[in-house]
Amino acid sequence: MTSVITGDIIDSRKQKSKDWVEGLKKILSPFGETPSQWEVYRGDEFQIEIQNPEEALLSAILIKAHLRSIKLDARMSIGFGNKTHNAEKISESNGSAFIHSGELFETLKKQKVTLAMRTGDTILDEKVNLMLQLALTFMDSWLVQSAEFVAAAIENPTFSQEELGQKLGINQAAVSRRQKRAQFDLVMNLDRYFRTQIKQLTAP
């Protein structure tokens, strides 16, 4: 099983592309090689394969946090399934993970939702997507400082508040405030729940 994130930058036409295209590429580069593992195409759309499906949700949240820290945001759909065709460009690869991600992505604008997932298991999808919609009520309004904190905390999971403070150039009390404001503990609880569900889905 693999997972695929399909996304686009919200209101990209209102932004000067030179301001964010490089930023987006920088955010995606840790996810592997381009264009085989991630690719930016049609100007403001992107696709990433996350080979460990359990990492998919946190990866999408990390991308969102990085984008909100540069005053942008994205709509993203996460599809789970197989990969039947491995092309040189991820946008030309195929399989149920790609189909789930692509079909769901087409519906996000209508649903007015910025993050959703599809595994093909309707009960699981309904449960997790409802939780995501609740989480998006605060994630969609992260301000720059909260978003910077979330990105740093996800990328440095072993750091204490003090170490995160050093990284962000703020004191521990400020770290604690940002953590609360971003509802970070809730985000991590959601991620833990999601991982257990995906693990059960992929269990033989």
**Asked** Phe46: what forms a ring pair (Phe, Tyr, Trp, His ring centres under 6.0 Å) with it, not counting sequence neighbours?
**Response** none
**Contacts of Glu45 that satisfy salt bridge (charged side-chain N to carboxylate O under 4.0 Å, His left out) - sequence neighbours left out** = Arg42
**Request:** Using the side chain to side chain contact (heavy atoms under 4.5 Å, CB included) rule, take Leu72 and Leu24 through it: C-alpha gap first, then chi angles, then the decisive distance, then the call.
**Result:** CA-CA 10 Å; Leu72 289 169; Leu24 177 62; over 6 Å; no
**Request:** Output all residues satisfying salt bridge (charged side-chain N to carboxylate O under 4.0 Å, His left out) with Asp11, sequence neighbours left out; order by chain, then residue number.
**Result:** Lys14
**Prompt:** Going by atom types alone, do Asp125 and Thr119 pair a side-chain donor with an acceptor below 3.5 Å?
**Reply:** yes
**Complete:** When rounded to the nearest 0.5 Å, the distance separating CG of Asp191 from CG of Leu57 is 5.5 Å
**Asked** Considering all heavy atoms of both residues, which atom of Leu67 and which atom of Ala74 are nearest to each other, and what is their separation?
**Response** CD1-CB, 3.5 Å
**Message:** Please find the pair of heavy atoms, one from Ala56 and one from Ile78, that lie closest to each other, and give the distance.
**Reply:** CB-CG2, 3.7 Å
**Item:** Shared hydrophobic cluster for Ile99 and Met1 (ILVMFWY, side-chain gaps under 4.5 Å)
**Value:** no
**Message:** Using side-chain heavy atoms (C-beta onward) and a distance below 4.5 Å, is Ile61 in contact with Met139?
**Reply:** yes
**Request:** If a pair satisfies salt bridge (charged side-chain N to carboxylate O under 4.0 Å, His left out) and one of its residues is in residues 61-76, list it, with sequence neighbours excluded.
**Result:** Asp8-Arg75, Lys64-Asp73, Lys64-Asp140, Arg68-Asp73
**Message:** When you group the ILVMFWY residues by side-chain heavy-atom contacts below 4.5 Å and let the links chain together, are Leu132 and Leu186 in the same group?
**Reply:** yes
**Request:** May I ask you to decide if Leu124's main-chain N or O and Asp121's side chain share a donor-acceptor pair within less than 3.5 Å?
**Result:** yes
**Message:** Side-chain heavy atoms nearer than 4.5 Å, only ILVMFWY residues, links allowed to pass through others: does that put Phe138 and Met76 together?
**Reply:** yes
**Item:** Which atom of Ala97 lies closest to which atom of Gly81, heavy atoms considered
**Value:** CB-N, 3.5 Å
Please list every donor-acceptor pair under 3.5 Å in which a side-chain atom of residues 196-204 meets a protein atom from a residue at least two apart or in another chain.
unit_1	atom_1	unit_2	atom_2	d
Thr196	OG1	Tyr193	O	2.6
Thr202	OG1	Ile198	O	3.1
Thr202	OG1	Lys199	O	3.2

**Item:** Short side-chain to backbone donor-acceptor contact, Ser77 and Ala116, under 3.5 Å
**Value:** no
**Message:** Taking the side chain as everything from C-beta on, heavy atoms only, tell me whether Lys89 gets closer than 4.5 Å to Tyr41.
**Reply:** no
**Asked** Between atom CG of Leu58 and atom CD of Glu155, what is the distance when rounded to the nearest 0.5 Å?
**Response** 10.0 Å
**Message:** So does His66 get a backbone contact from the side chain of Ser69, meaning a donor-acceptor N/O pair under 3.5 Å?
**Reply:** yes
**Prompt:** Are there more than 12 heavy atoms of other residues, nucleotides or ligands under 6.0 Å from atom CG of Leu130?
**Reply:** yes
**Message:** Determine whether a donor-acceptor pair (N or O, by modelled atom type, separation under 3.5 Å) exists between the side chain of Glu39 and the backbone of Ser91.
**Reply:** yes
**Item:** Any donor-acceptor N/O pair, Ser93 side chain to Asn86 backbone, under 3.5 Å
**Value:** no
**Request:** Check the angle between the aromatic planes of Phe184 and Phe149 and answer parallel, tilted or perpendicular using the 30° and 60° thresholds.
**Result:** perpendicular
**Request:** Go through the steps for Val150 and Ile154 under the test side chain to side chain contact (heavy atoms under 4.5 Å, CB included), then give the verdict.
**Result:** CA-CA 6 Å; Val150 172; Ile154 290 174; 3.7 Å; yes
**Fill in**
Glu55 meets the side chain to side chain contact (heavy atoms under 4.5 Å, CB included) criterion, sequence neighbours left out, with Ile50, Asn52, Ser59, Arg195
**Message:** How long is the straight-line distance from CE of Met117 back to OG of Ser101, given to the nearest 0.5 Å?
**Reply:** 11.5 Å
**Prompt:** Does a side-chain heavy-atom distance below 4.5 Å link Val187 with Leu190?
**Reply:** no
All N/O donor-acceptor pairs, side-chain side in residues 102-112, below 3.5 Å, sequence neighbours left out:
unit_1	atom_1	unit_2	atom_2	d
Thr107	OG1	Leu104	O	2.7
Thr107	OG1	Gln111	NE2	2.8

**Request:** Report yes if the side chains of Ile10 and Asp44 come closer than 4.5 Å at any heavy-atom pair, otherwise no.
**Result:** no
**Item:** Reported CH2-to-CG distance for the pair Trp142 and Leu136, which is rounded to 0.5 angstrom
**Value:** 9.0 Å
**Fill in**
Cluster membership besides Val4, Ile/Leu/Val/Met/Phe/Trp/Tyr side chains within less than 4.5 angstrom, sorted by chain and number, is Ile90, Phe98
**Message:** Can you list everything that forms a side chain to side chain contact (heavy atoms under 4.5 Å, CB included) with Ser96? Sequence neighbours excluded, please.
**Reply:** Asn82, His100
**Message:** Do Val144 and Glu148 make a side-chain contact, defined as non-hydrogen atoms from C-beta onward lying under 4.5 Å apart?
**Reply:** yes
**Prompt:** Which residues pass the side-chain hydrogen bond (donor to acceptor under 3.5 Å, both in side chains) test with Gln47, sequence neighbours left out?
**Reply:** Thr6
Ignoring hydrogens and angles, write down the donor-acceptor pairs under 3.5 Å from the side chains of residues 27-37, residues two or more places apart or on other chains.
unit_1	atom_1	unit_2	atom_2	d
Ser29	OG	Lys26	O	3.0
Thr34	OG1	Trp38	O	2.8
Gln37	OE1	Glu33	N	2.8

**Message:** Can you give me the closest heavy-atom contact between His85 and Glu92, atom names plus distance?
**Reply:** CD2-O, 3.4 Å
Please tabulate, for the side chains in residues 162-170, all donor-acceptor contacts under 3.5 angstrom to protein atoms that are two or more places apart in sequence or on a different chain.
unit_1	atom_1	unit_2	atom_2	d
Glu163	OE1	Ser160	N	2.8
Glu163	OE1	Ser160	OG	3.4

